[in-house]
Amino acid sequence: MISYDSPEIIAAFSKQRGITFPMLSDKGSATIKRYGILNPLPELAFGPTRDDPEVKAEIQKYVSAVGARQDMAGMAFPGTFVLDRQGRVTSRFFEDFYVERNTVSSLLVKLGGAGGSPVSGKKISTNHLDVTAYPSDASIAVGNHFSVILDVAPHKSLHVYAPGAEKNGYRVISLALDPHPQIRALPVQYPASEIYYFKPLKERVPVFQKPFRLAEELVLDGSLAGQEALRGKENLTITGTLQYQACDDKICYNPVSVPVSWEVGLHAIIRERPTVAK
């Protein structure tokens with residue numbers, strides 16, 4: 001992690017949060033500027049355009065809903081760069097609202113990994129599939145991007161349909177989440193499928209025959225209204241339905257809808273800035 005804060009503030013922050021991984025102080029925001037992610041708004045907040053309505057709106061969106069402080073000058077737009085072992089950037093993740101942040105586990109899921117937090121899953125079995133449902137994170141805070149995940153294993157000799165199969169009239173496996181006032185859902189992330197050749201109809205359709213994962217990224221409302229609505233709550237339940245149609249080499253079974261759910265804990269954001277002895 002790289003921050004514009006001084007080594008003393010970073011050390012106090014690490015102690016406050018129990019952080020054990022390295023955190024680096026970017027003196028003069030040199031690295032932040034080289035990556036092109038310097039946030040200029042804290043300085044504009046105290047400049048000649050500070051009363052401009054557009055500047056005020058930008059500050060509330062990209063700095064703080066309660067306004068900027070002078071010690072915020074030099075801060076970066078919050079985001080994550082993913083580097084390979086040669087130091088090359090392979091992915092980057094930035095958001096459009098300063099409160100919204102990806103959890104590490106959610107980033108790992110988006111990159112195709114298993115997530116970083118040990119979270120127990122709920123196991124569901126149907127006549128065609130074995131499913132394990134679990135969230136990327138055991139606990140989240142307002143503004144967090146996290147994921148709900150389904151690990152799906154079709155039974156022997158069965159397949160379910162992947163995106164693209166709807167062109168042939170088949171029902172693609174899908175996840176339909178129930179609306180929640182404090183959650184914004186992004187599109188489901190599908191893995192690569194394989195082509196199944198159905199000889200009697202001379203059809204080639206995309207399917208899943210081997211175990212695969214469906215993941216959907218969610219955002220917990222970080223607005224002031226959302227924070228107020230969640231105040232005092234200790235957990236959150238997300239519900240939905242897994243919908244699919246399974247077939248073998250002879251029979252296509254009736255479409256199935258399976259209720260699924262996930263539970264995550266809620267924790268508060270630590271807002272107070274660490275104090276450093278002078």
Side-chain angles (χ1 to χ4, degrees), residues 1-51 55-83 87 89-108 115-117 136-146 219-224 226-228 230-231 265-278:
M1 178 175 172
I2 297 176
S3 171
Y4 76 109
D5 287 309
S6 68
E8 292 77 18
I9 290 177
I10 288 177
F13 179 78
S14 297
K15 183 177 180 181
Q16 178 191 51
R17 299 297 298 270
I19 295 172
T20 58
F21 56 79
M23 299 180 65
L24 305 178
S25 175
D26 185 19
K27 186 176 181 180
S29 302
T31 302
I32 290 171
K33 292 173 183 176
R34 286 182 63 190
Y35 274 80
I37 55 174
L38 178 70
N39 188 338
L41 290 167
E43 294 186 30
L44 294 180
F46 298 94
T49 59
R50 62 182 178 273
D51 294 323
V55 172
K56 287 185 174 182
E58 292 283 287
I59 289 170
Q60 288 188 330
K61 184 175 182 180
Y62 295 111
V63 180
S64 172
V66 296
R69 303 188 308 269
Q70 289 186 332
D71 61 4
M72 290 177 172
M75 72 186 299
F77 288 107
T80 303
F81 289 95
V82 179
L83 281 64
V89 175
T90 58
S91 300
R92 62 179 181 174
F93 301 91
F94 286 81
E95 306 306 332
D96 291 331
F97 182 28
Y98 80 96
V99 173
E100 293 188 8
R101 308 291 172 95
N102 284 284
T103 68
V104 172
S105 292
S106 185
L107 286 180
L108 291 173
S117 301
S136 59
D137 298 80
S139 180
I140 57 173
V142 292
N144 277 177
H145 284 237
F146 66 106
V219 186
L220 188 61
D221 189 359
S223 68
L224 293 178
Q227 294 179 43
E228 184 60 32
L230 292 166
R231 191 182 305 278
L266 297 177
H267 61 262
I269 298 175
I270 296 180
R271 300 182 182 279
E272 59 271 18
R273 193 171 176 82
T275 57
V276 178
K278 297 182 180 180

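On a predicted model such as this, the values are computed, not experimentally measured, just so you know.
The one candidate from V219, D137, N102 that meets the side-chain contact (heavy atoms from CB on, under 4.5 Å) condition with F146 is D137.
R69 CZ to M75 CE: the interatomic distance, rounded to the nearest 0.5 Å, is 8.5 Å. Taking CZ from F13 and CD from E8, the interatomic distance works out to 15.5 Å, rounded to the nearest 0.5 Å. Interatomic distance, OG of S105 versus CG of L108, reported as 6.0 Å (0.5 Å rounding). Here the OG1 atom belonging to T80 is positioned 12.5 Å from the CZ atom belonging to R92, to the nearest 0.5 angstrom. E58 CD to N39 CG: the interatomic distance, rounded to the nearest 0.5 Å, is 9.5 Å. Atom OG1 of T49 sits about 5.0 Å away from atom CG of L44, to the nearest 0.5 Å.
Using a 30° and 60° split on the angle between ring planes, Y35 and F81 fall in the tilted class, from 30° to 60°.
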Does the pair V82 and F93 meet the rule for a side-chain contact (heavy atoms from CB on, under 4.5 Å), with working shown?
-> CA-CA 8 Å; V82 179; F93 301 91; 4.0 Å; yes
Starting from the C-alpha separation in whole Å, work towards a yes-or-no answer on side-chain contact (heavy atoms from CB on, under 4.5 Å) for L83 and T90.
-> CA-CA 6 Å; L83 281 64; T90 58; over 6 Å; no
H145 vs S106, side chain to side chain donor-acceptor pair (under 3.5 Å): CA-CA, chis, key distance, verdict | CA-CA 7 Å; H145 284 237; S106 185; over 6 Å; no
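The closest side-chain heavy-atom distance from K56 to D51 is below 4.5 Å. The side-chain heavy atoms of P42 and Y62, taken from C-beta on, include no pair separated by under 4.5 Å. Within the 4.5 Å cutoff, no side-chain heavy atoms of R101 are placed close to those of E95. By the 4.5 Å heavy-atom criterion applied to side chains, L220 and L266 are counted as neighbours. Between M72 and V63, some side-chain heavy-atom pair lies under the 4.5 Å cut-off. At a threshold of 4.5 Å between non-hydrogen side-chain atoms, the residues Y98 and K61 do not count as touching.
Here the side chain of D26 pairs no donor or acceptor atom with the backbone of D5 at under 3.5 angstrom. One N or O on the side chain of S14 and one on the backbone of I10 form a donor-acceptor pair closer than 3.5 Å. Under the 3.5 Å distance criterion, the side-chain polar atoms of E100 are left unmatched by any main-chain donor or acceptor of G143. Distance alone, capped at 3.5 Å, places no donor-acceptor pair between the S29 side chain and the I32 backbone. Using modelled atom types, one side-chain atom of D221 and one backbone atom of S223 make a donor-acceptor pair closer than 3.5 Å. Side chain of Y4 to backbone of L38: no donor-acceptor contact under 3.5 angstrom is found.
Between A45 and I59, the shortest heavy-atom distance links the atoms CB-CD1, 3.4 Å. Residues S139 and H267 share a closest heavy-atom pair of OG-ND1, 2.6 Å. Closest non-hydrogen pair, F97 versus Q60, comes out as CE1-O, 4.0 Å.
Between R231 and E228 there is a salt bridge, since at least one side-chain N of the basic residue sits less than 4.0 Å from a carboxylate O of the acidic one.
Neither side chain, T103 nor N144, offers a donor N or O lying under 3.5 Å from an acceptor on the other.
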